[in-house]
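Because the structure is a prediction, the values reported are computed rather than measured. Letters A, B, ... mirror the listed sequences (proteins, then strands); counts begin at 1.
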Amino acid sequence: MIKKILVANRGEIAIRIMRSCREMGIESVAVYSEADRTSMHVRFADEAYCIGPAPSNESYLVIDNIIAAAKKSGADAIHPGYGFLSENAKFSERCEKEGLIFIGPSPYAINTMGDKITARIKMQSANVPVVPGTIKPISDLKEAVDTIHQIGLPVMIKASAGGGGKGMRLVKNEEDIISSVSAAKSEAKAAFGNDAVYIEKYINSPHHIEFQIVADKHGNCVHLFERECSVQRRHQKVVEETPSPIMTEEVRREMGEHAVAAAKAVNYSGAGTIEFIVDDNLNYFFLEMNTRLQVEHPITERVVGVDLVKIQIDIANGKELPFKQEDLKQIGHAIEVRIYAEDPDNNFMPSPGTIRHITEPLGLGVRHDGYVYAGYEIPIYYDPMISKLIVWAPTRREAIDRMRRALHAYKITGIKTSIPFLNRIMEVPAFIEGKYNTHFIQDHEELLKPHTHASRRLKDVAAMTAFFDYLSKIETVKKNTFCKRPASNWKNTGRRNNLNRS
Amino acid sequence: MIKKILVANRGEIAIRIMRSCREMGIESVAVYSEADRTSMHVRFADEAYCIGPAPSNESYLVIDNIIAAAKKSGADAIHPGYGFLSENAKFSERCEKEGLIFIGPSPYAINTMGDKITARIKMQSANVPVVPGTIKPISDLKEAVDTIHQIGLPVMIKASAGGGGKGMRLVKNEEDIISSVSAAKSEAKAAFGNDAVYIEKYINSPHHIEFQIVADKHGNCVHLFERECSVQRRHQKVVEETPSPIMTEEVRREMGEHAVAAAKAVNYSGAGTIEFIVDDNLNYFFLEMNTRLQVEHPITERVVGVDLVKIQIDIANGKELPFKQEDLKQIGHAIEVRIYAEDPDNNFMPSPGTIRHITEPLGLGVRHDGYVYAGYEIPIYYDPMISKLIVWAPTRREAIDRMRRALHAYKITGIKTSIPFLNRIMEVPAFIEGKYNTHFIQDHEELLKPHTHASRRLKDVAAMTAFFDYLSKIETVKKNTFCKRPASNWKNTGRRNNLNRS
Amino acid sequence: MAYEIKLDEETVQIELLETEGHVAEMMIDGRIYFLDIVEVEHGVYSILLDGISYNVELLPTENKKYLVNTLYNAFNIEIIDAETKYKNSRRKAEDEDLNFISTPMPGKVVKILVKEGDLVKGGETVIIVSAMKMESEYKVVKDRLITKVLVKEGDNIDGHQPLIMLE
Amino acid sequence: MAYEIKLDEETVQIELLETEGHVAEMMIDGRIYFLDIVEVEHGVYSILLDGISYNVELLPTENKKYLVNTLYNAFNIEIIDAETKYKNSRRKAEDEDLNFISTPMPGKVVKILVKEGDLVKGGETVIIVSAMKMESEYKVVKDRLITKVLVKEGDNIDGHQPLIMLE
């Protein structure tokens with residue numbers, strides 16, 4: 001049985017993993033780069049070892065250093081978190097070789113799912129739907145037209161040697177097929193000297209929906225339902241929720257079965273995620289598999305009532321899954337938003353710096369997974385995500401109300417964060433109605449812009465506060481009268497109110 | 001429909017109520033005493049009005065001032081929270097007269113349940129079991145003996161004029177009945193000049209178990225299952241959990257039905273709690289009804305999946321309950337602990353003062369309802385409870401693990417708190433096994449004492465840290481080399497480790 | 001004594017008239033307010049104005065300048081005293097057009113696309129800087145001459161640090 | 001230079017030998033430690049010692065005295081320099097028996113049970129103080145004479161403030 005786990009990661013996910021370790025009575029070992037000496041995961045762990053200079057490729061990505069820290073600490077297992085080495089088959093292999101338990105799937109599963117074409121072929125043979133399209137380039141016009149008929153419209157034609165949109169053609173109508181293929185081919189020829197093309201089904205208004213699966217080492221595998229992750233900016237997820245507002249019970253069951261089949265096809269063990277691309281009519285296609293914990297795993301934890309990290313550790317310990325598919329249910333609705341150190345009002349420019357104050361949103365139905373603290377300086381070397389806010393409520397509508405309330409109460413000062421942007425997402429009617437796809441953010445650009453209006457009164461309050469502070473500091477106001485310790489103001493309040501009312 | 005609610009309270013409960021208001025789009029109004037100008041509920045509310053000097057009886061208990069603040073703010077309803085005016089029928093009446101909605105039951109229900117003897121008679125007529133005993137004093141020996149036979153052993157005989165334990169006799173055995181009654185009577189005569197006695201069933205190892213009920217104004221009333229509140233110190237609840245570890249499905253259903261009958265007997269509307277005293281054989285007796293929200297309501301919210309404050313507001317708005325008894329289920333297990341500003345290692349002496357740092361426990365399954373912040377000075381005038389920590393997990397065992405983890409991560413410095421004491425409770429075998437009653441804290445006094453042992457190494461670390469800080473301040477160490485900004489220590493760490501290993 | 005305050009783009013007259021307890025009577029451009037004001041955390045003020053509760057956070061950016069955050073808005077505020085007025089009048093001409101390229105935040109130089117003596121056209125990128133896994137391109141606005149390159153590729157840089165001098 | 005430190009009841013010799021980066025080489029009573037020490041928040045230190053992570057919080061109580069909190073323990077630590085040594089030697093006689101009653105925390109005087117000139121027996125309560133809805137009784141340890149009552153019922157008091165003088 002695992003007694004000590006080295007967490008080969010940093011930030012909120014390192015702490016999240018250590019929390020489950022602590023609940024299980026397992027000791028946790030942190031590793032840190034020189035830039036992370038003051039980082040919370042170092043303070044939170046039972047032990048901590050430095051593994052190199054600030055840049056990830058000299059520390060968090062250096063397998064040798066992590067293995068050395070594991071040896072030094074006497075850890076018997078390594079949890080990779082997400083990112084960094086979490087989907088690195090060599091790391092998984094190395095752990096095995098060193099007699100350390102890698103909390104994740106086998107190198108074979110990582111490799112197979114890590115290569116897009118291998119994964120696609122594997123999925124097809126497991127009868128998991130993939131985006132219809134050609135795998136080999138086609139040069140013959142007739143073959144291309146036949147293929148398009150086979151796939152069905154709309155399709156996207158792409159130059160096989162291509163890039164930058166050249167030689168790309170979207171075909172929506174039957175009558176345009178031949179002319180489009182010809183045009184794409186000649187364009188490709190002109191641009192790349194090669195007229196071969198790929199043809200792929202075009203998904204019009206795509207949704208990104210993924211299924212969480214867990215599989216033990218005894219051949220048991222279940223899914224924990226879906227997560228809707230279509231709110232994305234530059235392919236970066238911003239808001240996730242479960243259940244998906246567009247899902248039906250029937251499609252959920254079907255997709256879940258396919259997700260389990262996909263995992264079984266690579267003899268998967270551990271926690272993993274099958275990502276699907278889904279159109280408005282709920283046609284869905286395998287996109288890829290993430291062979292690790294996802295950032296957004298907490299919404300599944302909340303709605304299904306499980307601790308995914310504990311399940312990962314139990315699986316690594318060789319235990320059987322504690323539930324069967326029919327034991328699992330989705331209860332209520334959960335939403336997660338990711339808070340980044342970035343300035344949403346200035347083209348999402350990263351905003352590292354020192355946290356001055358932090359007021360975390362608390363109360364009923366709110367989970368907050370973060371790692372920063374007052375006085376902490378966010379390093380410039382790593383991902384700018386500083387925390388995740390997860391809410392739950394019996395209904396989707398109430399969950400949105402709760403998320404708004406939580407975002408309202410969440411204050412981080414000293415740096416800019418995406419909180420105001422997330423707040424605005426929660427107010428867009430299309431989001432509230434659950435009618436959105438991966439184009440959501442660009443489709444609602446106007447609504448998502450900062451509301452710059454401020455009342456005269458608010459401007460005056462801001463000016464007076466700054467002025468008051470300025471005077472206090474130059475001591476023309478006796479500071480003690482004013483600060484920290486409220487004097488008796490019962491009478492003053494009365495007086496003030498009388499004055500204002502007169 | 002209610003648009004603006006004045007919260008006639010302070011501390012965590014004021015903020016908890018305001019959170020639900022915000023989710024419902026209702027504005028919130030705070031009232032505060034002069035000692036509370038910097039209190040979080042003032043900062044959290046949309047509006048705030050001062051209602052008098054620090055002592056409660058000059059501010060939070062002054063009905064006129066609260067009504068005046070409600071009028072001034074234009075609030076249309078008042079939520080009393082718990083404590084203060086929450087069970088004051090005059091306040092409820094006054095609100096009604098002033099055209100303000102009182103979010104709570106009618107003055108009739110408050111009055112009836114507020115008087116122990118009236119409540120007892122009311123419950124008996126509603127067939128709710130009460131602790132068997134006499135209501136009128138008995139002077140006649142034969143009548144006393146007959147009554148004891150009727151009630152059944154063990155019983156407690158109490159001098160009717162009594163107090164201070166004089167004239168009290170516990171009778172456990174048949175053969176002691178006559179001698180005990182006689183002795184109690186003569187003792188009472190000697191002490192108070194009156195030999196009349198009361199006789200009451202004695203509950204040997206009592207559990208305190210309460211049922212949450214909610215009732216609308218249309219005659220619908222359901223219970224939301226039980227809360228086990230037997231971990232008490234000086235009649236103050238310390239830990240609460242649901243479900244109760246001693247409950248059976250059958251007794252739960254029965255007690256729930258009695259709780260609903262109790263509420264219906266006074267035409268109750270709103271949220272309320274029926275407290276029962278329960279013996280080891282699950283015989284239970286009505287103790288009293290709390291006609292308000294309880295401190296420990298969050299564990300019910302978590303396990304049943306409802307927001308009790310929202311339900312209170314909906315009921316006050318005249319809405320029907322959104323669920324029937326059969327819709328409600330207990331899912332998983334929740335535990336709450338109360339964190340007090342007190343020194344558990346020094347006879348629980350209150351410990352007001354200024355909060356220096358606060359690190360709140362976060363993550364999966366943890367809810368934290370508090371109100372203090374770094375720099376906040378806890379006033380000496382009010383209850384020393386500073387927050388409540390609520391955890392949930394699928395099983396009781398995992399909930400205890402999670403509570404330990406949360407308490408471990410929960411740091412409040414600048415004042416003493418009960419956190420270490422709560423930590424020790426979570427380690428007592430009887431608690432872990434769920435075998436405890438209201439004598440738990442006195443029964444396990446030894447285990448609950450502070451563990452004073454510290455290793456040589458830990459003592460040295462403490463001494464070196466203080467010494468280092470001292471040197472830094474007197475500047476014999478160049479402070480910049482050391483603080484805040486970690487320098488490159490990759491090589492140093494190596495060197496240090498080599499040195500230590502040599 | 002009345003001061004001038006620059007609030008984003010506008011300038012207002014402000015004066016503290018009287019204080020009693022923690023209520024300050026203030027006037028802005030003739031508007032009078034009775035502000036119940038308490039510093040509850042370092043740099044965080046709780047304000048009550050006619051019962052309305054505001055939380056206002058002040059971040060001093062430089063001498064006499066603040067970034068002021070309210071719930072949904074942020075304001076740049078500068079207290080203009082006699083000294084500031086004098087300085088402003090002197091500085092105006094120089095400040096108009098910056099003579100160097102800098103970044104608003106710390107980061108790492110990824111690529112430098114120019115060298116000393118280069119003439120670059122307005123809109124051309126001169127340097128690429130990465131911070132937190134994101135790369136940002138910095139361009140010149142008008143045609144400029146590169147007079148000096150102060151950093152090299154791979155350097156870690158601070159925010160507002162001059163990187164490339166222009167003429 | 002070696003210092004003495006009083007750690008609860010014991011006294012140890014401590015010395016900072018060398019520092020390099022944020023690793024401090026220290027010696028306590030001949031035991032040598034290489035302490036990786038960083039102040040992460042005001043008064044909160046993160047310590048790594050042979051890989052083990054400690055969070056240590058310092059609360060200065062008075063000059064050269066600290067209350068030191070680790071995860072499960074609290075220590076009272078005093079740095080003894082030459083000045084402290086001198087003072088301690090002088091103070092010893094006076095300090096032995098306190099000549100007044102005080103409370104460890106602020107509160108409100110509920111009841112005073114003695115008046116000037118009273119002779120009270122050891123164990124008798126002389127004053128009752130309430131703080132945070134709880135009343136605490138303060139007693140004399142030995143037989144004492146009340147020389148002065150410095151507060152009256154209803155007064156708000158600070159912690160450690162002399163309330164009643166004894167002889």
Exercise. Hey, which residues of residues 405-413 of chain B are touching chain D, say heavy atoms under 4.5 Å apart?
Worked result: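 Result: H408(B), K411(B), T413(B).
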Starting at [atom1] of [X], measure out to [atom2] of [Y] and round the result to the nearest 0.5 Å.
X: E39(D); Y: D469(B); atom1: CD; atom2: CG; value: 6.0 Å
X: L35(D); Y: M464(B); atom1: CG; atom2: CE; value: 4.5 Å
X: F467(B); Y: I37(D); atom1: CZ; atom2: CD1; value: 11.0 Å
X: D158(D); Y: I380(B); atom1: CG; atom2: CD1; value: 9.0 Å

For this session: Give a yes-or-no answer on whether the side chains of H357(B) and E41(D) include a donor-acceptor pair shorter than 3.5 Å.
Result: yes
Exercise. Can D29(D) and R456(B) be counted as an ion pair, charged N to O under 4.0 angstrom?
Worked result: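 Not counted as a salt bridge, because no side-chain N and carboxylate O are separated by less than 4.0 Å.
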Non-hydrogen atoms of chain D under 4.5 Å away: do they reach the side chain of [X], the backbone, both or neither?
X: Y382(B); value: backbone
X: P379(B); value: backbone
X: R234(B); value: side chain

Exercise. Of T70(D), I77(D), I47(D), which is the lone residue that meets side chain to side chain contact (heavy atoms under 4.5 Å, CB included) with T465(B)?
Worked result: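 Testing each of T70(D), I77(D), I47(D) against T465(B), the sole residue satisfying side chain to side chain contact (heavy atoms under 4.5 Å, CB included) is I47(D).
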Exercise. So which heavy atom on R31(D) is nearest to which on D460(B), and how close?
Worked result: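 Here R31(D) and D460(B) meet closest at NE-OD2, 2.7 Å.
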For this session: Could you tell me whether Y3(D) and Y470(B) have their ring centroids closer than 6.0 angstrom?
Result: yes
